[in-house]
Every structure is written in structure tokens, then in C-alpha cells.
Amino acid sequence: MKKFLFASTMLAVGAFAVAPAANAAPIVHDTVGEFSTITANQGQATNLFGSAIVPVKPGRSAVADMFDNSLTTIYSLGLRVGGVGGTLELTISPTTNFITSGSVIELTNVVGGGLGQEERAFIYLGVDGGSYELVGEIFNNETPGGAGVANAGNPNASLSFVALAGRNTTFALNVTSGVFNTLKLVDNSPFAPGVGGDTYLRDRDGFDIAELEVTSNSVAVPEPATLALFGAGLLGLGLARRRRA
């Protein structure tokens, strides 16, 4: 009986030891080097009068501008042309971590007193650059109360509108379940050709990202000695039961 109790105790200790340990310190990914891969497929832009498709300006095409702590330098996703918007995919490093939250600060240039220029982007979560799940859409259209989110009802994550400060709008991502290591943005800004006497339409290039960051976490992996202890508990329990029989 004593041997059986000892073996049971060993099993209990082992089972407790291999349970997931407390999460390690979260990692804030806010530089280019803190992502294992960044894939940017920039869309296009309209010209100053909104009548032609042109490439996005070089000054709005540097991915590093999303991580330079400046709210005036931007990376533009590029307008959707033919139904396809510019895309940006970021996989965190280490890839074994999982995303817990994130934030996107968008910059909208108010032109002509605010003409309702719309900038919209879909947000997805994925695994290793695939298996994407739509979280929802973030948007700003320069008009009072024109910024917000449209959640897609994803059970694992949601979006929220955080703040509007001058020309900058902050959106937040909150992940409550699931294991994701990739964030994807897809531009969904509408093409707006010049209308009537509107000469402000317009140097447009889709959703403009002033700053972006992602926070991730990990679960500690049991040490080999812990696994050995668990195995010893199982073996002891088996022997004790065998002798009792």
C-alpha cells in the first residue's frame, strides 16, 4: 500500500510539473527585425485629380516607416484596382510565439477641409503566412465620427477603435483564443475618381499606416528533467498496481 501511495504521489508531482507554465514576458514587435518575414504587395494610387491609376509615391512605399516612431511618415497599402487591394503580411519572430494583441495607427491627409476620403483595410490572422481568418475591417473617412471598425464575428479575435488625434486614428486588435503568428492587412479603400468641380480628388493611395505593432507571448516548454519525473511516476504507479494484483 505504501508503494502504491508513493507511486501515486510521483504521478501527481509529474502531472503538475508538465502542466503549461506561466506565460513568459510578452514581446512587442515594433521593428522590422522582430518579424521573421514581411511580405508587402503594394497596390496603386490615383493621381491628383482622381482620373488615372499611378504607382504609389516612393516616399510612401518604405515598410520601415511603420516602425520609425513617427506619425507623419507612412507606408501605404495602395488602392484596390480590379477588385484586389494592396496586401501586407507580417509573421512574428519567433514563429513559435502566438499573437495576443496589436495596434495600427492610420494617417489621413485632410484635403480641402475634409472631403470624405475613405481609407479602409481588412485585418486577418493566420499561421505561417496561411490559414487566414478574417477579424474585421478598420476605416476612416475624414468626416466627424467617420472612423471605426466592423467586426466579422470571429470567435478568436476582435477589433476596436481606440482614438482619433488630429490626422491620426488608432485601432486595436485583441486576440482571446487560437494560436496565430501572422497578421495580414488588405486594402479595401474605394477608388474615387474626380466628380464635377472637385479638383481635390486626389492624391490617394489606400490605407496609410503610420505605426504598427504586434504583441506576442509563449508558453514555457517543460524541461527534460520534468518529463523524466513524470515518466517515473507513471512507471511507479504501474509497478504498484502489478504487485497488488
Side-chain angles (χ1 to χ4, degrees), residues 26-47 53-82 84-109 117-140 149 157 159 162 165 167-173 175 180-189 191 203-216:
I27 298 175
V28 178
H29 306 264
D30 57 0
T31 67
V32 172
E34 287 172 307
F35 295 90
S36 64
T37 58
I38 299 178
T39 304
N41 294 305
Q42 198 170 41
Q44 298 293 303
T46 61
N47 68 1
I53 299 295
V54 297
V56 176
K57 291 180 178 180
R60 298 180 179 182
S61 302
V63 170
D65 285 343
M66 296 185 294
F67 309 110
D68 62 357
N69 296 314
S70 170
L71 297 180
T72 59
T73 57
I74 55 179
Y75 173 79
S76 298
L77 290 178
L79 284 171
R80 57 189 177 97
V81 179
V84 179
T87 63
L88 178 69
E89 300 175 71
L90 307 101
T91 299
I92 59 174
S93 177
T95 58
T96 51
N97 275 21
F98 58 93
I99 296 173
T100 56
S101 63
S103 68
V104 177
I105 301 178
E106 179 264 356
L107 182 144
T108 296
N109 290 307
Q117 175 176 324
E118 290 188 72
E119 295 189 359
R120 311 178 74 96
F122 290 120
I123 303 290
Y124 295 83
L125 287 170
V127 179
D128 296 333
S131 303
Y132 285 112
E133 295 183 8
L134 175 64
V135 179
E137 186 180 25
I138 53 180
F139 57 85
N140 185 13
V149 303
L159 302 167
V162 178
R167 295 161 54 196
N168 296 109
T169 308
T170 303
F171 304 93
L173 165 71
V175 183
F180 306 97
N181 62 11
T182 302
L183 178 72
K184 180 179 180 180
L185 293 89
V186 178
D187 186 79
N188 193 42
S189 306
F191 175 77
D203 189 14
R204 298 192 54 198
D205 48 21
F207 196 89
D208 299 319
I209 304 172
E211 289 293 307
L212 182 149
E213 72 173 36
V214 177
T215 300
S216 73

**Q** When rounded to the nearest 0.5 angstrom, what is the spacing between OG1 in T169 and CG in N140?
**A**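 Taking OG1 in T169 and CG in N140, the distance rounds to 3.5 Å.
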
**Q** Can you see whether D208 engages S76 through a side-chain donor-acceptor pair at a distance of less than 3.5 angstrom?
**A**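 Note: D208 and S76 side chains meet the donor-acceptor criterion.
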
**Q** Using 0.5 Å steps for rounding, measure from the CG atom of L71 to the CZ atom of R167.
**A**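 Here the interatomic distance stands at 10.0 Å.
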
**Q** Holding to side chain to side chain donor-acceptor pair (under 3.5 Å), I want the full list of residues that pass it with N168, two or more places apart in sequence or in another chain.
**A**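 Listed in chain order: nothing, the list is empty.
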
**Q** Once the angle between the rings of Y124 and Y132 is folded into 0 to 90°, is it parallel (under 30°), tilted (30 to 60°) or perpendicular (over 60°)?
**A**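 Rings of Y124 and Y132: perpendicular, as their planes differ by over 60°.
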
**Q** I'd like to check the side chain to side chain donor-acceptor pair (under 3.5 Å) partners of S61; sequence neighbours left out, ordered by chain and number.
**A**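 Here the qualifying residues are Q42.
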
**Q** Is there a side-chain contact between F180 and E133 in this structure, where contact means two heavy atoms from C-beta onward sitting under 4.5 Å apart?
**A**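 Answer yes - side chains close enough.
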
**Q** Would you check if I123 and L159 make a side-chain contact, meaning some heavy-atom pair closer than 4.5 Å?
**A**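 A side-chain contact exists here, since the closest heavy-atom pair is under 4.5 Å.
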
**Q** Applying side chain to side chain donor-acceptor pair (under 3.5 Å), name anything that partners T39, two or more places apart in sequence or on another chain.
**A**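 Per chain and number, T39 pairs via side chain to side chain donor-acceptor pair (under 3.5 Å) with no residue.
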
**Q** Indicate whether any N or O donor in one side chain lies under 3.5 Å from an N or O acceptor in the other, for N181 and N97.
**A**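 Distance-only check fails for N181 and N97.
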
**Q** With I105, which of E213, M66, E211 fulfils side chain to side chain contact (heavy atoms under 4.5 Å, CB included)?
**A**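 Checked E213, M66, E211 against I105; only one passes side chain to side chain contact (heavy atoms under 4.5 Å, CB included): E211.
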
**Q** For S189, give me all partners under side chain to side chain donor-acceptor pair (under 3.5 Å), at least two apart in sequence or on another chain.
**A**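 Only D187 meet the side chain to side chain donor-acceptor pair (under 3.5 Å) criterion with S189.
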
**Q** Under the salt bridge (charged side-chain N to carboxylate O under 4.0 Å, His left out) rule, collect the residues that match up with E137, sequence neighbours excluded.
**A**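 Applying salt bridge (charged side-chain N to carboxylate O under 4.0 Å, His left out) to E137 gives R120.
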
**Q** Tell me which one of V127, I99, T182 satisfies side chain to side chain contact (heavy atoms under 4.5 Å, CB included) with T91.
**A**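 Single side chain to side chain contact (heavy atoms under 4.5 Å, CB included) partner of T91 among V127, I99, T182: T182.
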
**Q** Let me confirm one number: the CG-CZ distance from L212 to F171, rounded to the nearest 0.5 Å.
**A**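 If we round to the nearest 0.5 Å, L212:CG and F171:CZ are 12.5 Å apart.
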
**Q** Does a side-chain heavy-atom distance below 4.5 Å link L185 with T87?
**A**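 No; the side chains remain at least 4.5 Å from each other.
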
**Q** Only counting residues at least two apart or in another chain, list the ones meeting side chain to side chain contact (heavy atoms under 4.5 Å, CB included) with A64.
**A**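 Side chain to side chain contact (heavy atoms under 4.5 Å, CB included) list for A64, sorted by chain: V32.
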
